[in-house]
Amino acid sequence: MSATPEKQTKADVPVTTGPEPGPVSQWLSEQGFEHAVLDPDHVGVEQIGVEALFLPVIAAALKSHGFDHLQCQGGYDEGPGQQLVSFYHFIALGEVADGLVDQLREVRLKVFLSREGEPTIPSLYGLFRGADWQERETFDMFGISFEGHPHPKRLLMPEDWTGWPLRKDYVQPDFYEMQDAY
């Protein structure tokens, strides 16, 4: 007895959908800002992917929309051969301080960068002074340069250190001779 394969129709194929846009993503879309909707983090914070070139414009729009505090900026490495990520966690602190809302609004922007060459994104130091040391630390540990930063130098490692210690493909040197600073 021969079995004939059944034909699949479009109705039989499961449709995979992306994450649902959150309130900030919806607002950005209404304002005409292109971005990627990412899954919320483990505690439900909305995450949005943006292109490096548009980061300052979107951050300025968020600031005008009430996100007046850059709580944290940092970076991470997705793994050897994969992308580097710079993230920005914004909160609407003024709304809570003024008693306008009961719950803190927060959102995280992520910029995905190729690890090849010199990954560079615009600095947010001009909008949020708190980005100063945080961007320097991200540069120092991951090698992501922040164009327009007023103090673009290492923060934690010696100035003559070679490499980016928190990249997952980093090879620790066998020997480091500290230069005489005097």
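- For the pair Leu109 and Phe67, the minimum side-chain heavy-atom distance is 4.5 Å or more.
- Residues Phe33 and Val57 come closest through the heavy atom pair CE2-CG1, 3.5 Å.
- A pairwise comparison of heavy atoms in Thr138 and Gly75 identifies OG1-N, 3.8 Å as the closest pair.
- Using a 4.5 Å heavy-atom cutoff, the side chains of Glu78 and Lys168 are not in contact.
- When all heavy atoms of Leu70 and Ala131 are compared, the pair lying nearest together is CD2-CB, 3.8 Å.
- The side-chain heavy atoms of Trp161 and Pro173, taken from C-beta on, include a pair separated by under 4.5 Å.
- When all heavy atoms of Leu38 and Pro19 are compared, the closest pair comes out as C-CG, 3.6 Å.
- A salt bridge does not link Asp77 with Arg167: none of the charged nitrogens is closer than 4.0 Å to a carboxylate oxygen.
- Note that the CD atom of Gln73 and the CH2 atom of Trp133 stand 15.0 Å from one another [nearest 0.5 Å].
- In this structure, the side chain of Asp169 does not engage the main chain of Pro80 through any donor-acceptor pair within 3.5 Å.
- Annotation: the span from Trp27 atom CH2 to His65 atom NE2 amounts to 5.5 Å, rounded to 0.5 Å.
- Under the 3.5 Å distance criterion, the side-chain polar atoms of Ser25 are left unmatched by any main-chain donor or acceptor of Gly22.
- A 4.5 Å side-chain heavy-atom check between Arg115 and Leu113 finds every atom pair outside the cut-off.
- Judged purely by atom type and a 3.5 angstrom limit, Gln26 uses its side chain to pair as donor or acceptor with the backbone of Pro21.
- In the hydrophobic clustering of this structure, Leu104 does not group with Val45; members are Ile, Leu, Val, Met, Phe, Trp, Tyr whose side-chain heavy atoms approach within less than 4.5 Å, directly or through other members.
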Please report, to 0.1 Å, the donor-acceptor pairs under 3.5 Å made by any side chain of residues 145-152, with sequence neighbours excluded.
residue: His149; atom: ND1; partner: His151; partner atom: N; Å: 3.0
residue: His149; atom: NE2; partner: Asp132; partner atom: O; Å: 3.0
residue: His149; atom: NE2; partner: Asp132; partner atom: OD1; Å: 3.2

Test Ile58 against Tyr88 for side-chain contact (heavy atoms from CB on, under 4.5 Å), laying out the working first. CA-CA 11 Å; Ile58 291 176; Tyr88 300 81; over 6 Å; no
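- When all heavy atoms are compared, the tightest approach of Pro119 to Ser114 is CB-O, 3.6 Å.
- The side-chain hydrogen bond (donor to acceptor under 3.5 Å, both in side chains) contacts involving residues 47-61 comprise Gln47-Arg108, Gln47-Lys110, where partners must be two or more places apart or lie in separate chains.
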Taking it one step at a time, do Glu30 and Leu28 satisfy side-chain contact (heavy atoms from CB on, under 4.5 Å)? CA-CA 5 Å; Glu30 290 168 6; Leu28 286 172; over 6 Å; no
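- Leu127 and Leu55 fall within a single hydrophobic cluster, where Ile, Leu, Val, Met, Phe, Trp and Tyr are joined by side-chain heavy atoms under 4.5 Å apart, directly or via other members.
- Within the 4.5 Å cutoff, the side chain of Phe87 has no heavy atoms near those of the Asp41 side chain.
- The closest side-chain heavy-atom distance from Pro56 to Leu124 is below 4.5 Å.
- Using a 4.5 Å heavy-atom threshold, the side chains of Phe128 and Lys63 count as touching.
- Transitive grouping of hydrophobic side chains (ILVMFWY, heavy atoms separated by less than 4.5 Å) keeps Val37 and Leu62 in distinct clusters.
- Proximity of Phe139 to Ile144: side-chain heavy atoms (C-beta onward) are nowhere separated by under 4.5 Å.
- Rounded to the nearest 0.5 angstrom, Ile91 CD1 and Gln71 CD are separated by 4.5 Å.
- The CD atom of Glu159 sits 8.0 Å away from the CG atom of Asp140 when rounded to the nearest 0.5 Å.
- Annotation: the span from Arg105 atom CZ to Gln103 atom CD amounts to 11.0 Å, rounded to 0.5 Å.
- Of all the heavy atoms in Glu95 and Gly66, the pair that sits closest is OE2-CA, 4.1 Å.
- Phe54 and Val24 fall within a single hydrophobic cluster, where Ile, Leu, Val, Met, Phe, Trp and Tyr side chains are chained together by heavy-atom contacts under 4.5 Å.
- Each of Tyr125 and Leu53 belongs to its own hydrophobic cluster when Ile, Leu, Val, Met, Phe, Trp and Tyr are linked at side-chain heavy-atom distances under 4.5 angstrom.
- To the nearest 0.5 Å, atoms CD (Glu135) and CG (Leu155) are separated by 12.0 Å.
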